[in-house]
Amino acid sequence: MREDFFPFALEREMSIWENRVRYNLSESGVKPLTLVELFEGEEQALEALMHAELNYPQTNGLPKLREAIAAMYPGAGPENVVVTVGAAQANFTVLMSELDPGEEIAVMLPNYMQIYGVAKNYGLDVRTFSLREEDDWALDTSSLKQAITGKTKLVAVCNPNNPSGHILTAEERQAVIEAAADAGAWILSDEVYAGAERDERPVTPSLWGEYERVFAIGSLSKAYGLPGLRIGWVVAPPDAAERIWARQDYITISATMLANRIATYALQPAVRSKILSRTRKYIRRGLEHFSRWVQENSELLSFVSPQAAAIAFVKYERPINSGELVQRLIREHEAYVVPGDHFGLDQHLRISFGLPVDYLQEGLKRVLAALKEA
Ligand SMILES: Cc1ncc(COP(=O)(O)O)c(C=O)c1O
């Protein structure tokens, strides 16, 4: 047993507080859908769901769901897709499948720390490269070159990025691909925020299809507002997808039948576009309010406006550790945001804004009060 287990502090803290506080501004997706909202105007489809046998689906996902997912990736077919219990399981399974302890992996920072933590706990040699806040979260290509060596087996990127909301430019994508190609490495591209871009930006294209050794990871949790469904996926070349599927049989057998059925419905083109426009509406409105809030308090707060995702990574000017500040926010103001500590960047808060405006404004008021008292 490993003595130095690296716990997933972000997920554990969110698990404890997000359903307990009055104002939860910690989630990175928009306000979740209800079944009633999802099936609005399609009550027959909802009724059909009520009659679905709660059997096991195929362990790699219902064929229709895999077809719907494949249709979003140029040149992919259902044989390229494995449906998982969230992107979390997808990321975990790729690491377990493709790497052995002692092997080298390069991870983008800042990042949702799952891949970093799993890699540490699995005994991988973890090297890191950065997006730089002082350059509006642009990729630091010299750190990329340093992180990737002849021994790198897998390069993990998060695009669009959590927590910064940065979307890799064409040049940055190319730099990642070239660095991985030089090492003969796989790329794990965690793309769960694709579809949650701000303004009229197009859906961030997958790295799938731009390099032959890509694991593209997707999910219904963020851009689709369905985190409780726990549906994610891996898109990979057929032999690699087969390897992921072989692990899946052991790990969870499958995601649930209900989740597979609902996901298949959600990814029908017409439903999908309705969901994505709802998401963008939340992001547009929320970001407007959020930006105004930061401007009005610019002596305390600053941020690089995110290009995607319903979260802002804000820097604050107060002499208090972010973890402690958030504990005070919970205790004294019944609100919760994610401390920068969980991304290795103290003096920051990750705050979600993809929420109904009144709720968001009250939550932000409480964050400000906690900051002013600090
Ligand atoms: C970058 C990233 N990948 C994966 C996940 C996990 O997503 P899922 O709910 O699909 O398991 C998250 C959740 O916050 C995330 O931010």
Side-chain angles (χ1 to χ4, degrees), residues 8-15 17-19 24-33 61 65 69 72 81-95 107-119 131 137 155-168 187-197 204 206-207 215-235 244 248 251-252 254-256 259-260 262-263 266-267 275 279 283 306-313 336-340 342-344 350-352 354:
F8 198 171
L10 177 147
E11 285 298 344
R12 175 57 63 88
E13 194 182 78
M14 285 180 68
S15 162
W17 294 113
E18 72 173 337
N19 291 309
N24 172 33
L25 273 57
S26 70
E27 266 305 331
S28 59
V30 296
K31 185 175 170 55
L33 280 155
L65 176 55
I69 293 168
M72 301 189 289
V81 179
V82 181
V83 175
T84 55
V85 179
Q89 192 221 319
N91 285 334
F92 185 88
T93 310
V94 170
L95 296 196
V107 180
M108 172 188 273
L109 289 184
N111 209 332
Y112 178 64
M113 294 300 275
Q114 185 205 0
I115 289 178
Y116 183 90
V118 170
L131 304 178
W137 297 113
V155 180
V157 299
C158 179
N159 183 45
N161 178 256
N162 174 7
S164 69
H166 178 70
I167 299 174
L168 293 174
I187 296 177
L188 184 166
S189 188
D190 184 334
E191 300 167 348
V192 299
Y193 296 96
E197 293 75 14
T204 306
S206 174
L207 280 185
F215 291 100
I217 308 298
S219 167
L220 292 185
S221 295
K222 312 299 179 183
Y224 297 86
L226 294 166
L229 208 53
R230 309 305 304 125
I231 287 285
W233 57 84
V234 183
V235 180
I244 303 301
Q248 162 95 335
I251 300 175
T252 59
S254 69
T256 67
N260 268 260
I262 296 169
L267 287 178
I275 297 175
T279 298
I283 289 181
Q307 297 168 340
I311 40 174
F313 202 49
Y336 177 53
V337 302
V338 181
H342 291 335
F343 302 94
R350 193 191 77 177
I351 304 180
S352 62

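Note that the structure is predicted; figures quoted are calculated from it, not measured. Just so it is clear, the values below take in all heavy atoms, side chains as well, and ignore hydrogens, waters and symmetry mates. Order of appearance sets the numbers: ligands from 1, and atoms from 1 within every ligand.
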For each nitrogen or oxygen atom of ligand 1, which protein N/O atoms lie closer than 3.5 Å, and how far apart are they, rounded to 0.1 Å?
unit_1: ligand 1; atom_1: 3 (N); unit_2: Asp190; atom_2: OD1; d: 3.4
unit_1: ligand 1; atom_1: 3 (N); unit_2: Asp190; atom_2: OD2; d: 2.6
unit_1: ligand 1; atom_1: 9 (O); unit_2: Ser221; atom_2: OG; d: 2.7
unit_1: ligand 1; atom_1: 9 (O); unit_2: Arg230; atom_2: NH1; d: 2.7
unit_1: ligand 1; atom_1: 10 (O); unit_2: Ala87; atom_2: N; d: 2.7
unit_1: ligand 1; atom_1: 10 (O); unit_2: Ser219; atom_2: OG; d: 2.6
unit_1: ligand 1; atom_1: 10 (O); unit_2: Ser221; atom_2: OG; d: 3.2
unit_1: ligand 1; atom_1: 11 (O); unit_2: Ala87; atom_2: N; d: 3.1
unit_1: ligand 1; atom_1: 11 (O); unit_2: Ala88; atom_2: N; d: 2.9
unit_1: ligand 1; atom_1: 11 (O); unit_2: Arg230; atom_2: NH2; d: 2.9
unit_1: ligand 1; atom_1: 14 (O); unit_2: Lys222; atom_2: NZ; d: 2.7
unit_1: ligand 1; atom_1: 16 (O); unit_2: Asn162; atom_2: ND2; d: 2.8
unit_1: ligand 1; atom_1: 16 (O); unit_2: Tyr193; atom_2: OH; d: 2.7

Short side-chain donor-acceptor distance under 3.5 Å, [Y] and [X]:
| X | Y | value |
| --- | --- | --- |
| Glu11 | Gln114 | no |
| Ser352 | Glu27 | no |
| Tyr193 | Thr204 | no |

Open item on the list: List the residues meeting salt bridge (Lys or Arg N to Asp or Glu O under 4.0 Å) with Glu197, not counting sequence neighbours, and say none if there are none.
Closed with: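 With sequence neighbours excluded, Glu197 shows a salt bridge (Lys or Arg N to Asp or Glu O under 4.0 Å) to Arg280, given in chain and number order.
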Open item on the list: Check the orientation of Phe313 and Phe343. Use parallel for under 30°, tilted for 30 to 60°, and perpendicular for over 60°.
Closed with: perpendicular
Task: Name of the residue among Leu267, Ile231, Val30 meeting side chain to side chain contact (heavy atoms under 4.5 Å, CB included) with Tyr224 - done: Leu267
